2 protein chains.
Amino acid sequence: MATGRTHRPATRSRGIPEATVARLPLYLRALTALSERSVPTVSSEELASAAGVNSAKLRKDFSYLGSYGTRGVGYDVEYLVYQISRELGLTQDWPVVIVGIGNLGAALAGYGGFASRGFRVAALIDADPAMTGKPVAGIPVQHSDDLEKIVSEDGVSIGVIATPAGVAQQVCDRLVAAGVTSILNFAPTVLSVPDGVDVRKVDLSIELQILAFHEQRKAGEEPGAEAAAGGPAGASGAAVPPAARSTEDTSRKGPDGDMPAVMPA
Amino acid sequence: MATGRTHRPATRSRGIPEATVARLPLYLRALTALSERSVPTVSSEELASAAGVNSAKLRKDFSYLGSYGTRGVGYDVEYLVYQISRELGLTQDWPVVIVGIGNLGAALAGYGGFASRGFRVAALIDADPAMTGKPVAGIPVQHSDDLEKIVSEDGVSIGVIATPAGVAQQVCDRLVAAGVTSILNFAPTVLSVPDGVDVRKVDLSIELQILAFHEQRKAGEEPGAEAAAGGPAGASGAAVPPAARSTEDTSRKGPDGDMPAVMPA
DNA sequence: ATGTCTTTGTGAACGCGTGCACAAAGATGG
DNA sequence: CCATCTTTGTGCACGCGTTCACAAAGACAT
């Protein structure tokens with residue numbers, strides 16, 4: 001059993017760099033907005049600024065897809081929308097199951113960005129019998145006993161895990177065994193999956209911690225700017241004793257390793 | 001006004017690479033779990049596998065923080081927990097405001113990973129008057145008119161945006177003007193912020209699209225594996241005509257550019 | 001048809017991140 | 001006190017991603 005690789009080891013998929021793939025949805029969003037405003041063509045400069053990237057980067061990204069632009073004019077919006085959609089596989093229907101219908105799972109079930117991109121919520125699954133049959137976002141929750149049946153019958157290849165971390169690996173294993181080959185994981189755990197299965201991780205806590213790091217750095221480098229910038233309350237230079245901090249931390253509320261990505265209230 | 005940079009342009013913060021900073025929370029989580037099991041020391045190999053990374057990478061990461069290990073033994077768990085916490089700025093209290101209390105905002109408000117890492121939800125803010133005063137996850141929602149007052153009085157420097165995309169930029173501007181210098185954005189938009197303000201973006205739709213890309217690639221490269229792997233329904237090789245697809249797409253449901261990160265039911 | 005002007009597409013250089021492989025350091029046992 | 005063994009810390013090389021800068025390509029006006 002391979003250790004969970006969240007990042008693929010630089011396996012260029014048919015020559016398209018991973019970094020480029022990650023930006024295609026950004027371009028697609030910007031292009032869709034232009035399409036709605038009936039803008040016929042767009043230059044790399046305009047589109048790049050709309051997508052929040054460098055224009056050279058954008059041109060290089062598009063060059064991996066082919067030569068879809070016209071020199072002196074720019075890119076045809078409609079055509080590019082189609083090309084990127086096709087490249088991303090959005091011209092087909094992707095049934096998705098969401099496992100773990102807590103606060104977050106419920107929010108995901110109602111997410112508008114799913115349907116508008118070819119993703120269809122095929123089923124909501126939860127282990128709590130009290131939830132079974134209850135409609136969430138218009139879809140009745142099914143019990144996790146039926147997970148395998150649901151996945152195989154609907155031909156689901158993408159699974160979303162929004163369970164507590166403690167059961168995420170088990171759920172993952174069952175999904176994979178049933179035929180799921182792509183997983184979006186919201187539980188704060190490292191998932192182990194066999195080769196050929198893709199895992200992407202979304203972790204709120206990590207994002208906030210990264211922000212905190214930079215925030216601390218900003219506050220530390222600009223002395224005196226704390227009041228103006230609204231620095232944190234106890235921003236004194238004093239260090240907390242290691243022992244005091246760590247014991248307090250463990251006894252605080254719970255492992256967090258066993259907490260759901262978002263607590264079910 | 002600078003165009004929104006989500007990524008900082010390789011500005012190493014005091015010699016600590018950005019990629020390393022992004023992994024520190026992972027290590028911290030694994031170490032916390034070990035700490036709860038009262039494991040005194042851990043080798044780079046063990047910790048790396050728990051965090052899902054390479055051991056060489058882990059050692060190099062730690063080397064940026066200093067020499068906290070003991071050769072022949074490994075790392076002291078408690079000490080390392082403290083050092084990483086301090087480096088990330090988690091030894092201080094970070095008040096956070098969440099703007100936009102829809103499905104997602106409410107889920108975030110109840111997120112357990114906040115409190116356990118030194119993040120404190122200082123306030124929930126929503127523009128809907130009907131929400132004002134209503135308690136969500138035990139915290140009463142306040143009206144967005146008071147945004148500036150809340151931010152400045154509580155010394156909030158981190159803001160979470162969970163509003164519809166259409167108003168995200170306005171909310172962002174107000175937060176920044178009020179003193180917020182770090183923003184976690186869940187709205188599917190590119191935010192423009194002045195220099196000195198950090199923005200991190202979490203976008204469900206993008207993650208799913210990246211998965212779909214690899215999924216499509218897998219299905220295309222292994223012909224005949226579709227049935228076994230549970231391939232998508234209409235996985236025929238036929239391409240959809242550009243015009244048909246694009247018009248259908250725009251008329252489908254709505255901009256999505258104006259949709260919230262997670263629809264408020 | 002020709003020249004000018006705009007914008008793409010890309011060759012090349014550079015920098016960051018990753019992984020290997022090993023020397024240095026310290027623990028441990030005799 | 002010495003030998004051995006484990007594990008860290010890091011020098012080095014390699015590959016990916018980003019950016020610059022420019023030649024090629026086409027639109028457009030005359």
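As the structure is a prediction and not an experimental result, all values here were calculated from the model. All values below come from the heavy atoms of this structure, side chains included, with hydrogens, waters and symmetry mates left out. Residue numbering restarts at 1 for every chain, and letters A, B, ... go by the order of the sequence lines.
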Q: C:dG26 P sits how many Å from B:D76 CG, rounded?
A: 16 Å
Q: Name the closest nucleotide to the B:A19 side chain, picking from C:dA27, C:dC20, C:dT18.
A: C:dT18
Q: Given side chains that start at C-beta, do those of A:V53 and A:R23 come closer than 4.5 Å, heavy atoms only?
A: yes
Q: Hey, is the main chain of B:L31 close enough, under 3.5 Å, to the side chain of B:S35 for a donor-acceptor pair?
A: no
Q: Mapping B:Y68 and A:T20 onto DNA chain D by nearest heavy atom, which one lands closer to the 5' end?
A: B:Y68
Q: Would you mind reading off the distance between B:K60 atom NZ and D:dC12 atom P, rounded to a whole angstrom?
A: 11 Å
Q: Given D:dT19, C:dG9, D:dT8, which nucleotide is nearest the side-chain atoms of A:S63?
A: C:dG9
Q: Send over the distance from A:R59 CZ to D:dA24 P, rounded to a whole Å.
A: 16 Å
Q: Can you identify which nucleotide, out of C:dG9, C:dG17, C:dA27, has its nearest atom closest to the A:S67 side chain?
A: C:dG9
Q: Do you know which two heavy atoms are closest between B:P188 and B:K201, and how far apart they sit?
A: CA-NZ, 3.7 Å
Q: What is the distance, rounded to the nearest whole Å, between atom CG of A:L58 and atom P of C:dT7?
A: 14 Å
Q: Given C:dG9, C:dA21, C:dG17, identify the nucleotide with an atom nearest to the side chain of B:E18.
A: C:dG17
Q: Would you indicate what A:F62 reaches in the nucleic acid, counting non-hydrogen atoms under 4.0 angstrom: base, sugar-phosphate, or nothing?
A: nothing
Q: Starting from P on D:dC5, measure out to CD on B:E45 and report it in whole angstrom.
A: 19 Å
Q: Calculate the interatomic distance between B:R71 atom CZ and C:dA27 atom C1'; express it in whole Å.
A: 13 Å
Q: Is there a side-chain contact between B:E87 and B:V21 in this structure, where contact means two heavy atoms from C-beta onward sitting under 4.5 Å apart?
A: no
Q: Has B:S44 got a side-chain N or O lying under 4.0 Å from the OP1 or OP2 atom of D:dT7?
A: no
Q: Side chains of A:T189 and A:Q169: any donor to acceptor distance under 3.5 Å?
A: no
Q: Starting at CG of B:L80 and ending at P of D:dT8, how long is that distance when rounded to a whole Å?
A: 11 Å
Q: OP1 or OP2 of D:dT18 less than 4.0 angstrom from a side-chain nitrogen or oxygen of A:R23, does that happen here?
A: yes
Q: Tell me the interatomic distance from B:D61, atom CG, to C:dG19, atom P, rounded to whole angstroms.
A: 11 Å
Q: Below the 4.0 Å mark, does D:dG17 have OP1 or OP2 next to a side-chain nitrogen or oxygen of A:Y64?
A: no
